[in-house]
4 protein chains.
Amino acid sequence: MTGTAGQDRAERRSSLSVPDRLLSVATRLFAERGFERTSVQELVDAAGVTKGAMYHYFSSKDDLLYAIYQRVLAMQTRRLNEFAQAGGPVEERLRAAAADVVHTTVDNLDDTVIFFRSLHMLSPDRQSAVRKERRRYHECFRAMIEEGARAGVFRSDVPADIVVTQYFGAVHHLGMWYRPEGQLGGAEIGAYYADLLLASLRP
Amino acid sequence: MTGTAGQDRAERRSSLSVPDRLLSVATRLFAERGFERTSVQELVDAAGVTKGAMYHYFSSKDDLLYAIYQRVLAMQTRRLNEFAQAGGPVEERLRAAAADVVHTTVDNLDDTVIFFRSLHMLSPDRQSAVRKERRRYHECFRAMIEEGARAGVFRSDVPADIVVTQYFGAVHHLGMWYRPEGQLGGAEIGAYYADLLLASLRP
Amino acid sequence: MTGTAGQDRAERRSSLSVPDRLLSVATRLFAERGFERTSVQELVDAAGVTKGAMYHYFSSKDDLLYAIYQRVLAMQTRRLNEFAQAGGPVEERLRAAAADVVHTTVDNLDDTVIFFRSLHMLSPDRQSAVRKERRRYHECFRAMIEEGARAGVFRSDVPADIVVTQYFGAVHHLGMWYRPEGQLGGAEIGAYYADLLLASLRP
Amino acid sequence: MTGTAGQDRAERRSSLSVPDRLLSVATRLFAERGFERTSVQELVDAAGVTKGAMYHYFSSKDDLLYAIYQRVLAMQTRRLNEFAQAGGPVEERLRAAAADVVHTTVDNLDDTVIFFRSLHMLSPDRQSAVRKERRRYHECFRAMIEEGARAGVFRSDVPADIVVTQYFGAVHHLGMWYRPEGQLGGAEIGAYYADLLLASLRP
DNA sequence: GATGAATGAGAGTTCATTCAT
DNA sequence: GATGAATGAACTCTCATTCAT
């Protein structure tokens, strides 16, 4: 009886499971107002659950944040692998991967905002884990650039590392200025960004 | 003579004034552990002053953060203006400005880290003020790109806005990975970044 | 069984609930030393609870003060209504109500002291709410005086408003001088006050 | 030179001496927002002086408050003495004194508001001193009532003390409701109050 | 599994007062 | 006489987390 009464609370009607609902609400709130400006109370209120329920699924607020990182990292890695392992000339693979990471970033802007703004709020161990995973991601990208350089389709007078960090820097900063209501969509910006990248790599 | 007794406190021996000392210590601590992870108590202890002294000069912790933003914005604007208003062909002016912003960023890495990580901790009014000032900064850069496009030395099939946000995104993210102890210095990275930018703009 | 261990703390042994205990202790302390001279720490120590517990029930110190006002207003209104709506000649109803408000005031002296001394410490909104409710209370009293004036049993050459504010001024000030250990009890003072009021109203 | 520049500060142009300016500003601010809600900084800013200047004339904030009490007490005593020592029948002397205390209270409403709201903020010693002086004031009033009772012009079945505290209670509470912009002036209210007092004393 | 009352350490901020100049 | 930078203790309030139920 009492349970039914509480069902009209925010997000209660959602079909997501409790942990997924918490993850989704946390992503929105952490992006909107920042990790430390979001209290656990606000979080559980917005998710329509109680504190006890949250602490049943996540051992701490930090744990919830880390879960967001894990979800983002998993998705990014999966997508990059798809593009890197596709066939075709390296310049096409790079262009596709470069455009896609922009598109995906724009489609998951909250994740990106949190990713770079709140990394320092994770425990040192988890920060290391995230950085390590990111490095693997970069390596994969760098490998394509070096492959192209060896093949002579890309210039080789600029370290591939520099190219990668420059490109990803730009991508990560989309969260600082991109607004969905603007003129350009994720696909268009992705195309431009990838085009500029390829142009800068011409021998 | 008086006051010498207390001089052995942390940073007391410094020749800086109290507000400057606070600004300098705050920049370091905010960059190291984040704005919200740094308590006012830690701040004043590290600066060798008391809380009361801090609140004598800064009306709030937010105010201290904003003072850092103002200092950064003033410096950035000043430098960009120097390069933009210099003579010579537009591609040379752009290259010099693009390389310099990297070099300056690397030389003031703490400022940059704070700038992009803690913007959301400022009061809404101040966030707007900072964003507005940044926009002016971008405009100046974009103007050079459009000038080059009209002159035919730069391509014109990619919106100058896209080029600017991409480039500055990369620059701002230097704080996420650049470590002074690494192999490349600010000047070298600046040269590479500027070179990639110019290359991407070839018609 | 559990929880018995902590029971020896001040007021813990009391059978009142946490919010009631806080309300009761706050009334005593606010009357004794004033609202602003009473720190939240003193309050919760005296009530045998922790700060967190207090803020679980009252959103601020101001909120606790307002709760006291609400309790007082509710009681005053209830009692006055009983007397006003009783039957009998208007001069008897007025005498009974006038005597009772004195008696009740004396029996709840702490409440009265707080009521008039700390009104300005409430938020402006709440001050207005309290004043509005008080005005309703005065109206009810005034109505009786006007009724008597129309009936010819009271004089009508002095505005009823003046009579009411004069009388309640006197009642409210009981908190400034009345001491329970004095010679006269609440009932006696009430009888004298009411008698003087009725005498002053003779046509 | 610099001194002249600061002359346009608030109240600087006033012809009052520094201590009088402080007293006048403190009276206004303490009445408006309460003693503890008024900081020494606000006080000296509003008076157009510096903290050092204030502490030169008043040894503490409490001292400034006490100076207000002293001024009020001196004035009240002086006026009452004038009326009490005047000639004429006792009922006329009492009526004049009773009307005058209302008039004077209304003309110095800030003083009255402070007097009863902030008494508990004085040091215990000073509270005693103030209460003692007030008692003397009441005695003088009571003496007139007893004189009238002995002379048979006033009733003697109500203790004179009760009459006095009732009347002064009403007077002191003028600060809680009287607003200068209302319909009735101090003289009119004084006449009504005195009339009600005299009426209530009819044998 | 889930609740929410309670904890307690610590946050940012205020402020009357002092004192070297 | 007068200044205002500096003090430092005390303030109200927040919050992630725990635990008896």
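This structure is a prediction, so every number in the text was calculated from the model and none was measured. All values below come from the heavy atoms of this structure, side chains included, with hydrogens, waters and symmetry mates left out. Letters A, B, ... mirror the listed sequences (proteins, then strands); counts begin at 1.
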Quick one: which of [options] gets closest to the side chain of [X]?
| X | options | value |
| --- | --- | --- |
| D/Ser60 | E/dT13, E/dT17, F/dA16 | E/dT17 |
| B/His56 | F/dC13, E/dA5, F/dA5 | F/dA5 |
| C/Val18 | F/dT17, E/dA6, F/dA6 | E/dA6 |
| B/Tyr57 | E/dG12, F/dC13, F/dA6 | F/dA6 |
| A/Val40 | E/dA16, E/dG4, F/dA16 | F/dA16 |
| D/Ser39 | E/dA16, E/dG4, F/dT17 | E/dA16 |
| A/Tyr55 | F/dT17, F/dA6, F/dA5 | F/dT17 |
| A/Lys51 | E/dA2, E/dA5, F/dT12 | E/dA5 |

Between [Y] and [X], is there a side-chain heavy-atom distance shorter than 4.5 Å?
| X | Y | value |
| --- | --- | --- |
| B/Phe30 | B/Val113 | no |
| C/Ile68 | C/Phe115 | no |
| B/Arg126 | B/Asp63 | yes |

Measure from [atom1] on [X] to [atom2] on [N] and round the result to the nearest Å.
| X | N | atom1 | atom2 | answer |
| --- | --- | --- | --- | --- |
| D/Leu65 | E/dT17 | CG | P | 12 Å |
| B/Leu64 | E/dT13 | CG | C1' | 14 Å |
| C/Asp45 | E/dT7 | CG | P | 12 Å |

Item to check | Distance-only polar pair, side chains of B/Arg37 and A/His120, donor-acceptor under 3.5 Å | outcome: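 Per modelled atom types, B/Arg37 and A/His120 side chains form no pair under 3.5 Å.
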
Checklist outcome for this item: Between C/Asp62 and B/Pro19, whichever has its closest DNA chain F nucleotide further toward 5' is B/Pro19

Item to check | Axis bend over the full length of the helix from E/dA2-F/dT21 to E/dT21-F/dA2, computed from five pairs that close each end, to 10 degrees | outcome: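 The end axes of the helix from E/dA2-F/dT21 to E/dT21-F/dA2 are about 10° apart, to the nearest 10°.
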
Item to check | Residues in contact with DNA chain F, drawn from residues 113-125 of chain B - heavy-atom cutoff 4.0 Å | outcome: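 Nucleic-acid contacts, sorted: none.
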
